[in-house]
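The basis for the numbers below is simple: all heavy atoms, side chains too, and nothing from hydrogens, waters or symmetry mates.
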Amino acid sequence: VLDVGDYIFGQPSKITARTYLGDQGVVNIEREAKLSGHIHNKAVMIITGFLGQHYAKDMPLTISASIAFEQNYGGIEGDSASCAELIALLSSISGIPVRQDMAITGSMNQHGDIQPVGGTTYKIEGFYKACKIKGLIGTQGVVIPSQNIANLMLKPEVVEAVENGKFHIYAADKIDDAIEIMTGESPKEFHRKVKEALRQMAETVKKFNE
């Protein structure tokens, strides 16, 4: 969400993640480039905590990963992108693609609970405008925290598009809800594939060290 004097608007951001063998953990490229604020740095650490709790109870988490906001040169602050960052990271690990006609906003804690964020109305309208420019095809939409539903004050044009099935707004309580919407996979199967990929990475590193 950008605030320019009397005008506030939401601007979609593209997040990418890359994963490879190693033990560096999750590298926040924005932080390394000194473009990341304290809250965003904390959010990336929370993602690491979720990874450890969810996938590394019976095996070592042997991974190096990088997360970046593409073509961001003005800095990133806040934890509103932590759900998107985690899904991008898990997609890279598992090879399961993420829908590119959907946007997502939401903070998350180490348990995988999705938490409310600010500026949800601006974010939805910003992505709607981007989709409208590219052409509405009936599948585009956004995922928001369920707690933010009561805060929405959308423009009539966006409400009409939702009512007509040209644009969609989904609410999520858990990261598993968002995973299912963004990938089309059941959470159980998704996590199984992520863990299997992580196990193979750990075994490869073990063999290499031997």
Show every salt bridge (Lys or Arg N to Asp or Glu O under 4.0 Å) that has at least one partner inside residues 81-90, sequence neighbours left out.
none

Main-chain N/O of K193 paired with S94 side-chain donor or acceptor, under 3.5 Å:
no

Would you mind reporting whether R18 and I29 have side-chain heavy atoms less than 4.5 Å apart?
no

Could you state whether L61 and M108 fall into the same hydrophobic cluster, counting links through intermediate Ile, Leu, Val, Met, Phe, Trp or Tyr residues with side-chain heavy atoms under 4.5 angstrom apart?
yes

ILVMFWY cluster, L154 and V162 together (side-chain gap under 4.5 Å)
yes

Do any N or O atoms from the side chain of S66 and from the backbone of V27 form a donor-acceptor pair under 3.5 angstrom?
no

Could you tell me which residues satisfy side-chain hydrogen bond (donor to acceptor under 3.5 Å, both in side chains) with E32, sequence neighbours excluded, listed by chain and number?
none

Evaluate whether atom CD of Q71 has more than 12 neighbouring non-hydrogen atoms of other residues, nucleotides or ligands under 6.0 angstrom away.
no

Passes side chain to side chain contact (heavy atoms under 4.5 Å, CB included), L51 versus L89? Steps please.
CA-CA 10 Å; L51 288 174; L89 188 62; 3.5 Å; yes

Nearest-0.5 Å distance that lies between atom CG in N41 and atom NE2 in H38:
7.5 Å

Could you check if a side-chain atom of I144 sits within less than 4.5 angstrom of a side-chain atom of T120, using non-hydrogen atoms only?
yes

Who are the side-chain hydrogen bond (donor to acceptor under 3.5 Å, both in side chains) partners of D101, not counting sequence neighbours?
R99, T139

Got a sec, which hydrophobics cluster with V117, joining ILVMFWY side chains under 4.5 Å apart, including via others?
none

Please confirm whether the backbone N or O of G118 pairs with a side-chain atom of K123, one donor and one acceptor, at under 3.5 Å?
yes

Sequence neighbours excluded, which residues qualify as side-chain hydrogen bond (donor to acceptor under 3.5 Å, both in side chains) partners of R192?
E189

Of all pairs that satisfy ring pair (Phe, Tyr, Trp, His ring centres under 6.0 Å), the ones with a partner from residues 171-195, not counting sequence neighbours:
H54-H191, Y55-H191

Going by ring pair (Phe, Tyr, Trp, His ring centres under 6.0 Å), name the pairs with one or both residues in residues 74-102, residues two or more places apart or in two chains.
none

About how many Å separate CG of D79 and CD1 of I46, when rounded to the nearest 0.5 Å?
7.0 Å

Same apolar cluster: V142 and I175, side chain cutoff 4.5 Å:
no

Let me confirm one number: the CD-CD distance from Q140 to Q100, rounded to the nearest 0.5 Å.
12.0 Å

Could you list the donor-acceptor pairs under 3.5 angstrom formed between side-chain atoms of residues 198-210 and any protein atom two or more places apart in sequence or on another chain?
from	atom 1	to	atom 2	distance (Å)
Q200	NE2	E196	OE2	3.2
T204	OG1	Q200	O	2.8
N209	ND2	V205	O	3.3

With heavy-atom distances below 4.5 Å as the criterion, would you say the side chains of M102 and H168 are in contact?
no

Minimum heavy-atom separation for C83 to S107, with atom names?
SG-O, 3.6 Å

If you look at every heavy atom in G126 and P12, which pair is closest and at what distance?
O-CG, 4.0 Å

I114 side, atom CD1; T105 side, atom OG1 - distance, nearest 0.5 Å
10.0 Å

When you check the side-chain N and O atoms of S36 and E30, is any donor under 3.5 Å from an acceptor?
no

Heavy-atom check, side chain of K42 versus side chain of V44, under 4.5 Å:
no

For a 4.5 angstrom cut-off between non-hydrogen side-chain atoms, does I179 reach I87?
yes

Who else is in F9's hydrophobic cluster (ILVMFWY, side-chain heavy atoms under 4.5 Å, direct or via others)?
L2, V4, Y7

Same apolar cluster: V158 and I8, side chain cutoff 4.5 Å
no

Using atom types as modelled and distance alone, determine if a side-chain donor or acceptor of S91 lies under 3.5 Å from a backbone N or O of I96.
yes

Value rounded to 0.5 Å, distance of CG in D113 from CG in D177:
10.0 Å

Listed partners of T121 passing side-chain hydrogen bond (donor to acceptor under 3.5 Å, both in side chains), at least two apart:
none

Gap separating the SG atom of C131 from the NZ atom of K166, nearest 0.5 angstrom:
13.5 Å

Any ring pair (Phe, Tyr, Trp, His ring centres under 6.0 Å) pairs touching residues 108-153, not counting sequence neighbours?
Y128-F167

Going by the salt bridge (Lys or Arg N to Asp or Glu O under 4.0 Å) test, which pairs reach into residues 140-164, not counting sequence neighbours?
K132-E157

Got S13 and N72 here, is their nearest side-chain heavy-atom distance under 4.5 Å?
no

Any donor and acceptor pair, going by atom type alone, linking the side chain of E77 with main-chain N or O of H40 inside 3.5 Å?
yes

Would a hydrophobic clustering, with Ile, Leu, Val, Met, Phe, Trp and Tyr connected at side-chain separations under 4.5 Å, put I15 with L35?
no

